[in-house]
Colleague: 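To start, I am sharing the structure in question, which I have written as structure tokens.
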Amino acid sequence: MPKNSTKLQRMGRAGTVLGALILIGLTGPVAAFDGQPAPARAIGPNDLSPSEALRAGARQYYSGDKAAALGSLQYAAENGQPMAAWKLGEMYASGDGVKEDDLKAFEYYSQIVREHGEDRPDAPDAPFVSSAFVALGSYYLNGIDGAVPKNESRARQIFTHAASYFGDADAQYELGRMYQENNSRMAVRWYNLAALKGHVGAQARLGETLYALGTSDKKKARGLMWMTVAREQAKGTDTSWIHSMHEQYFAVSPEPVRQMARSMADGWLKQNRPDVLTAQQLPAQ
């Protein structure tokens, strides 16, 4: 994965699909994997079916035997399992159990898009296909030294398909970022779609864009409201930019704008993230 892709974006995308992979890995037949390291030979059709290899690979991976998982997942990916190809792409993108190799990751994501790009958006494997589109778009946006040249037009095309066809929040966020400097209205459109799905980065950028476009206190308050919503949900060092953004705009906002923004943010959180408000009300330990 491109090095400047934030962990916030990656985790937002991986959280859903990784959960599905864990579920499959833990619910498959026990006979497919006994907890011991796999033999040092290639898996063949007489050993496991592609779906069984996928389940075995998931169990091997989460038990800590990533070397064995690699063989199982490769066999599953070569035989039509997009979830396995996606996991291999993630492993190579981050150097997880293998040597980091963006080109290999790019190839696995490309395989998914090539073989499953027109699958139904409600298909069981759709989250993995959609995630592969976003990863591939990011590679085209940033390029891979000596292998994949930057191609912003291709990246926009890929993000647009994932954002429109699959309704992928990460793709919608990426499109918002691409449009923000030159077409604020389009940026708002895409940010808004992702923000309503709970994408924290999109919520922050939507707020920033709306604030800049605002011609009245009420409109600026709407922008500050989204930045506040994002700040209240942002956790971890990779979200420090959201806190900094909120501080910057809060500092220059007049008190009426601050009050309106806080009221609207509390209303949104109460309806959509009551757990966040509850956590704020708990006394410090």
Side-chain angles (χ1 to χ4, degrees), residues 1-18 20-21 42 50 53-54 57-58 61 66-67 69-119 121 123 125-178 194 199 201 238:
M1 203 58 190
K3 301 302 183 297
N4 62 349
S5 178
T6 67
K7 290 183 180 178
L8 174 67
Q9 295 162 243
R10 290 187 57 77
M11 291 306 294
R13 179 170 66 257
T16 301
V17 287
L18 189 58
L21 185 56
L54 170 62
Y61 178 89
K66 296 181 181 180
L70 188 64
S72 299
L73 292 172
Q74 285 173 337
Y75 176 77
E78 291 166 0
N79 288 274
Q81 294 291 326
M83 195 184 300
W86 175 85
K87 185 57 184 175
L88 288 166
E90 294 291 291
M91 290 172 71
Y92 279 109
S94 59
D96 182 14
V98 294
K99 182 179 179 181
E100 186 174 338
D101 190 327
D102 282 328
L103 184 57
K104 280 185 178 291
F106 176 87
E107 290 170 349
Y108 277 115
Y109 294 133
S110 297
Q111 174 188 331
I112 297 169
V113 168
R114 182 172 61 252
E115 297 177 356
H116 300 277
E118 299 303 323
D119 287 2
D125 289 323
F128 299 91
V129 178
S130 179
S131 177
F133 268 101
V134 176
L136 197 62
S138 296
Y139 276 125
Y140 277 113
L141 184 62
N142 296 282
I144 300 174
D145 289 343
V148 178
K150 293 182 180 181
N151 188 331
E152 185 173 319
S153 177
R154 178 64 172 149
R156 182 181 287 108
Q157 180 185 30
I158 291 172
F159 287 142
T160 300
H161 181 75
S164 303
Y165 185 69
F166 290 100
D168 189 283
D170 289 310
Q172 291 164 350
Y173 172 71
E174 293 294 348
L175 283 171
R177 293 186 66 189
M178 294 185 76
H199 194 293
D238 293 308

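Atom set for the values below is all heavy atoms of this structure, side chains included, hydrogens, waters and symmetry mates excluded. Predicted model, so just to flag it, every value in this text is computed and none were measured. We number each residue from 1, following the sequence as shown.
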Colleague: Mark yes when over 12 heavy atoms from residues, nucleotides or ligands other than K66 sit less than 6.0 Å from its NZ; otherwise mark no.
Modeller: yes
Colleague: Of all residues at least two apart in sequence or in a different chain, which pass the ring pair (Phe, Tyr, Trp, His ring centres under 6.0 Å) check with H116?
Modeller: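 Checked H116 against ring pair (Phe, Tyr, Trp, His ring centres under 6.0 Å); zero matches.
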Colleague: So which heavy atom on G80 is nearest to which on P82, and how close?
Modeller: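 Smallest interatomic distance, heavy atoms only, reads O-CD, 3.1 Å.
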Colleague: Which heavy atom of A105 sits nearest a heavy atom of G89, and at what distance?
Modeller: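 In terms of heavy atoms, the two residues are closest at CB-O, 3.4 Å.
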Colleague: Can you confirm whether L141 sits close enough to K150 that some side-chain heavy atom of one is under 4.5 Å from a side-chain heavy atom of the other?
Modeller: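 They are not in side-chain contact.
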Colleague: Does a side-chain heavy-atom distance below 4.5 Å link Q111 with W86?
Modeller: no
Colleague: Are any non-hydrogen side-chain atoms of V98 and K104 less than 4.5 angstrom apart?
Modeller: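 SC-SC contact between V98 and K104 ruled out.
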Colleague: Taking all atoms of both residues into account, what is the closest heavy-atom pair of A77 and A84, and its distance?
Modeller: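 It is N-CB, 3.7 Å.
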Colleague: Hey, could you give me the CD1/OG distance between I112 and S130, rounded to the nearest 0.5 Å?
Modeller: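 Atom-to-atom, I112:CD1 and S130:OG are 11.0 Å apart.
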Colleague: Is the centre of the Y140 ring less than 6.0 Å from the centre of the F106 ring?
Modeller: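 Yes.
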Colleague: Which atom names give the shortest non-hydrogen contact between S110 and L136, and what distance separates them?
Modeller: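 Closest pair (atom of S110, atom of L136, distance): OG-CD1, 3.2 Å.
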Colleague: Quick one: CG on D168 to CZ on F159, what's the gap to the nearest 0.5 Å?
Modeller: 9.5 Å
Colleague: Apply the test side-chain contact (heavy atoms from CB on, under 4.5 Å) to residues M91 and Y108: give CA-CA distance (whole Å), side-chain angles for both, the deciding distance (0.1 Å), then the verdict.
Modeller: CA-CA 10 Å; M91 290 172 71; Y108 277 115; over 6 Å; no
Colleague: Which value, rounded to the nearest 0.5 Å, describes the distance between M83 atom CE and S131 atom OG?
Modeller: 11.5 Å
Colleague: Quick one: pull up CD in Q157 and CG in N151 and give me the separation to the nearest 0.5 Å.
Modeller: 9.0 Å
Colleague: To the nearest 0.5 Å, tell me how far E174 CD sits from T160 OG1.
Modeller: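 Nearest 0.5 Å value for the CD-OG1 distance: 11.5 Å.
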Colleague: Got a second to check how far L88's CG is from Q81's CD, nearest 0.5 Å?
Modeller: 12.0 Å
Colleague: Quick one: list whatever passes ring pair (Phe, Tyr, Trp, His ring centres under 6.0 Å) with F166, sequence neighbours left out.
Modeller: F133, H161
Colleague: I need the minimum non-hydrogen distance between A194 and A169, along with the two atoms involved.
Modeller: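 A194 and A169 have their closest heavy atoms at CB-O, 3.4 Å.
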Colleague: With a 4.5 Å heavy-atom cut-off, do L54 and L73 have their side chains touching?
Modeller: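 They are in contact (side-chain heavy atoms under 4.5 Å apart), so the answer is yes.
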Colleague: Kindly give the heavy-atom pair with the smallest separation between A162 and A171, and that separation in Å.
Modeller: CB-CB, 3.6 Å
